[in-house]
Amino acid sequence: MFCLSYTDRPPGPSGPGRLPVVESRRPRDMSDIRVRFAPSPTGNLHVGSARTAIFNWLFARHHQGTFILRIEDTDQERSKPEYTRAILDGLRWLGVDWDEGPEAGGDCGPYFQSRRRSFYDEALQRLRHEGKVYPCFCTPERLQDLRTAQLSAKQNPRYDGRCLALADDEVAQRIAAGEPFALRIKAARLESVEWTDLCKGLVSIGPEMLDDIVVAKSDGYPTYNFAVVVDDITMGISHVIRGEDHISNTPKQILIYRALGATPPRFAHIPMILGEDRSKMSKRHGSTNVVEYERQGYLSEAFFNFMTLLGWSPSDDQEIFTRDEVVRRFSLDRVSPSGAIFDINKLKWMNGMYIRQLSPAEMLDRAEPFLSTLEGYPGDYSREQRVEIARQLRERIELLTEITDAAGYFFHEPAEYDEKGLAKAAKTPDLAAVMEDLAAALATTEPFDEAGIEAAVRQLAEARGMGAGKVIHPTRLALSGRIAGPGLFEMMHVLGRARCVTRLRRFVERHPWEF
RNA sequence: GGCGCUAUCGUCUAGGGGUUUAGGACGCCGCCCUCUCACGGCGGUAACGGGGGUUCGAAUCCCCCUAGCGCUACCA
């Protein structure tokens, strides 16, 4: 039996009013580590949550623990099923797989908060029974007034305990009268709440900050903090690894653990990912949806590697890691305590590194979705030839999307020629004749391979008493319209005799350099 | 306003009392390689927020200030 829950417990000798005891599972050994990623489906998987998911996953895999995915969909207004789908897809793209959760099952389900109501109700019932919680009849208006008054008095807003002071018979009366009420926890406000954060060290929150927080809303639904704690207890979570924006939730949750008589898990609050302006990354910082990076031509493994280094670093200078290497080396004590700006520049560089590591065949496969949008693709090129094109372009692009632009001329004639290139080409004496001669030579070059082509080009330059460059550059321009690209001879080899000859002649006809 | 977290090159970071003329990576600049571009190689640019302590010695420990960020709901 893996998990404890309020409902799964054996009936036992519980008389009326006897409620099951809630216990927290403490990690007994390394294999007992259970962590969770708990997104709310109110949007796509964005980079901040993705990194949280990755760190949780890394921690679980490193310790051979369990990685759980839990969907916190209790926000009826904003939660959408399609977002759950999007989050799942995002995690899959990242290669972050979960052992328990939606579509994976597990002993601690259900994994959607919206279906765990009975757990919360039962815990609430028990808390009421034990007197750890009291009804609060204060209206939202009064609470709001209280808050503004405290704020203007430069005080920290907190509940004034009015309903705690209510006499028992009055409480009973008002409840009987059907007056709506929320449930607040009776927090001991005498001492600080502190915990040793695995990332931040000792964090201590003074008693003046502690409040009788609401655990059940007047409509009966549990609050976020309460649901999280009940879920984490019943799912046997040993380590809560989350963004540091949750630090202020932690004391509240610890109070709930105490009321429930459970030992809190270990907490690790990892730093935020920041936008260019150093504020928490959000939509206004551009692409925050993880799968958007796929569309932009990033490789999943490069993105993963990059995210890994945002806030974590190994003990040496290594930066490029396979997934297994990071799993092996990851540890929370090497997670930096300060926020990190998402540097798209470095991501691009890293993506380029991964692209260059791809085999030519794989490069072609990965680029295929982008290539297929190209006019004239794949034309009469064999797979072998397309692999060769991919090989030639591999070290010249950093994003898969760039291949569309880089490979265009292989599949259709250049529509125009680079201006600077034309200016330079014009300096080659008798350019038209040279190009004409080359076309003629090429028509009979045998074999039409890299060496054969190179010999033809160099012979022609020599015959005319000019440097090879004087022929090479205009030729590249005539064939590709570009002044940059793969080595001319290997490029001509894939292009093939027919295309080379016609494009050379078209170039002469067009005469674009004389303006 | 209150509370909390953070503070090393522009960016990601190493370094956690003497081993540091503060190391690596991205970016940028230069050189080499070379048919161009790119890759690759080599070199350069650039940082311990400020002030007080503690100590023989502080980027490293403590305090204050400052700055940035976060949280401050019967939202999650």
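Please read all numbers here as calculations on a predicted model, not as lab measurements. Values reported hereafter were calculated over all heavy atoms of this structure, with side chains retained and with hydrogens, waters and symmetry mates removed.
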Under a 4.0 Å heavy-atom cut-off, which of residues 135-153 of chain A touch RNA chain B?
A/Cys138, A/Leu143, A/Arg147, A/Leu151

Any residue of residues 449-469 of chain A with a heavy atom less than 4.0 Å from an atom of RNA chain B:
A/Arg458

Considering only heavy atoms and no angle criterion, is a donor-acceptor pair shorter than 3.5 Å present between the side chain of [X] and the base of [N]?
X        : N     : value
A/Ser218 : B/C74 : yes
A/Arg476 : B/C35 : yes
A/Arg184 : B/C74 : no

The side chain of A/Gln113 lies closest to which of these nucleotides: B/C26, B/A7, B/A76?
B/A76

Could you work out which one of B/C5, B/A14, B/G24 sits closest to the side chain of A/Val203?
B/C5

I'd like to know whether A/Asp197 forms a side chain to side chain donor-acceptor pair (under 3.5 Å) with A/Trp195, so could you lay out the CA-CA distance, the side-chain angles of the two residues, the decisive distance to 0.1 Å, and finally the verdict.
CA-CA 6 Å; A/Asp197 197 281; A/Trp195 72 94; 3.1 Å; yes

What pairs with A/Asp75 under side chain to side chain contact (heavy atoms under 4.5 Å, CB included), at least two apart in sequence or on another chain?
A/Glu77, A/Arg78, A/Ser79

First encountered from the 5' end of RNA chain B, between A/Glu319 and A/Pro157
A/Pro157

Would you say A/Tyr134 and A/Leu166 make side-chain contact, with heavy atoms under 4.5 Å?
no

Polar atom pairs between nucleotides 64-70 of chain B and protein, under 3.5 Å, N or O only, would you list them?
residue	atom	partner	partner atom	Å
B/G70	OP1	A/Lys280	N	3.3

Which side-chain N or O atoms in residues 340-348 of chain A pair as donor and acceptor under 3.5 Å with protein atoms at least two apart or in another chain?
residue	atom	partner	partner atom	Å
A/Asp343	OD1	A/Asn345	N	3.2
A/Lys346	NZ	A/Glu319	OE2	3.1

Could you tell me whether A/Ile483 contacts a base, only the sugar-phosphate backbone, or nothing, with contacts defined as non-hydrogen atoms closer than 4.0 Å?
base

Measure up the A/Phe507 and A/Trp513 rings against each other and bin them: parallel (under 30°), tilted (30 to 60°), perpendicular (over 60°).
tilted

Could you tell me which non-hydrogen atom of A/Leu393 sits nearest to which non-hydrogen atom of A/Ala407, and how far apart they are?
CD2-CB, 3.5 Å

Please collect all side-chain hydrogen bond (donor to acceptor under 3.5 Å, both in side chains) contacts where either partner lies in residues 470-481 of chain A, sequence neighbours excluded, each pair once.
none

